[in-house]
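None of the values given here were measured: they were computed from a predicted structure. Index from 1, following the sequence. Remember, it's 1-based here, ligands and their atoms both numbered in the order they're listed.
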Amino acid sequence: MILEGIVTTVSREGAVNIAPMGPRVDETMQRFTLRPYKTARTYQNLKKHSEGVFHITDDVLLLARAAIGYTEPEPQLQPATCIRGFVLQECCRYFEFRVEHFDDSEDRAELRARVVHSARIRDFFGFNRAKHAVVEAAILTTRVAFLQVDTILAEFARLETIVRKTGGTQELSAFSLLREHVEHAPRQTGNKVESA
Ligand SMILES: Cc1cc2nc3c(=O)[nH]c(=O)nc-3n(C[C@H](O)[C@H](O)[C@H](O)COP(=O)(O)O)c2cc1C
């Protein structure tokens, strides 16, 4: 199955990158397969330094911020225990990993990773429809460069009903952040790209 989470990696210069990623996992979580596009910073960082941290979280504001490129407020990061990397403190569980095999034959690479250390920071909140709707909205937001903005906004209208009905402050803030990002994205009309 695919488990949606957040991956931190470090560049050669030591800059931390935070990106939502959905690796293929099994229940043991001892190994997993990351599938980043080769254009992703996560892929480029892991090619140079094959260690990172995969985080599971119910904090959808954290996920939304990661999806639009983390700026403010500063993420809370602590050095990892067994690898050169960083742990996001707002997560529930995390898995420090080392990539052992790269398959670069397709645009979407397959990186087989082994977990070298894992830990729990806090409990997972539980099922909530608004949280899941924000995850869907975050995925759509990261596809803004190759999907029509109007198509994304039509889907947002459906998701917004769920967020309003079942969410709290965190879910509403995360959803607004994503919608604002999409609304300000350049609009694609055929081959032409126009500003929103
Ligand atoms: C929940 C979620 C899961 C995602 N999973 C992947 C993935 O498995 N592979 C991928 O290339 N992009 C995935 N994305 C999109 C990336 O997060 C997005 O392209 C991001 O800009 C990559 O960041 P980076 O360039 O800093 O690595 C996902 C986005 C979300 C919101």
Side-chain angles (χ1 to χ4, degrees), residues 1-26 29 31-71 74-75 77 85-86 88 90-95 97 99 101-113 124-125 127-147 149 152 155-156 159 162-163 170-171 173-182 184-186:
M1 71 186 279
I2 287 174
L3 184 59
E4 311 297 357
I6 301 177
V7 171
T8 54
T9 51
V10 281
S11 71
R12 213 201 306 256
E13 297 72 32
V16 184
N17 189 71
I18 304 173
M21 286 280 150
R24 284 214 185 94
V25 304
D26 65 20
M29 288 300 288
R31 289 172 192 279
F32 54 80
T33 304
L34 283 163
R35 296 151 63 242
Y37 282 94
K38 284 194 261 183
T39 48
R41 169 69 56 195
T42 300
Y43 169 80
Q44 289 154 16
N45 281 355
L46 287 170
K47 281 297 271 188
K48 291 181 187 124
H49 173 66
S50 62
E51 298 175 334
V53 184
F54 176 63
H55 305 76
I56 294 173
T57 188
D58 52 21
D59 185 338
V60 288
L61 191 50
L62 176 71
L63 185 87
R65 288 194 179 118
I68 62 169
Y70 215 110
T71 48
E74 283 285 308
L77 293 163
F86 290 88
L88 281 164
E90 296 105 324
C91 76
C92 297
R93 286 193 290 155
Y94 65 91
F95 302 86
F97 66 85
V99 177
H101 182 264
F102 288 82
D103 178 349
D104 299 325
S105 56
E106 307 284 334
D107 285 350
R108 197 166 184 177
E110 294 222 336
L111 278 50
R112 286 209 288 277
F124 189 82
F125 180 74
F127 291 138
N128 169 255
R129 292 180 67 204
K131 286 189 187 294
H132 289 272
V134 174
V135 175
E136 293 301 327
I139 291 172
L140 286 165
T141 303
T142 61
R143 295 183 180 161
V144 76
F146 47 92
L147 288 180
V149 167
I152 298 180
E155 186 63 13
F156 265 48
L159 294 169
I162 300 171
V163 174
Q170 184 194 93
E171 292 72 33
S173 306
F175 193 81
S176 303
L177 196 67
L178 295 169
R179 196 185 43 216
E180 217 170 277
H181 186 82
V182 173
H184 288 93

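For the pairing with Tyr43, the side-chain contact (heavy atoms from CB on, under 4.5 Å) check across Arg35, Arg108, Lys38 returns one residue only, Lys38. Partner Val182 forms a side-chain contact (heavy atoms from CB on, under 4.5 Å) with one of Thr141, Ile68, Leu147, Leu140 and no other, that one being Thr141.
When all heavy atoms are compared, the tightest approach of Val134 to Glu171 is CG2-O, 3.8 Å. Residues Thr9 and Val7 share a closest heavy-atom pair of CG2-CG1, 3.9 Å.
Listed as neighbours of ligand 1 are Glu4, Asn17, Ala19, Pro20, Met21, Gly22, Arg35, Pro36, Tyr37, Ala40, Arg41, Thr42, Arg108, Ala138, Ile139, Thr142, each bearing a heavy atom under 4.0 Å from the ligand.
Proximity of a side-chain donor or acceptor of Glu51 to a complementary backbone N or O of Phe97 within less than 3.5 Å is not detected.
Contact annotation: the side chain of Ile139 approaches that of Arg143 to within less than 4.5 Å [non-hydrogen atoms, C-beta and beyond].
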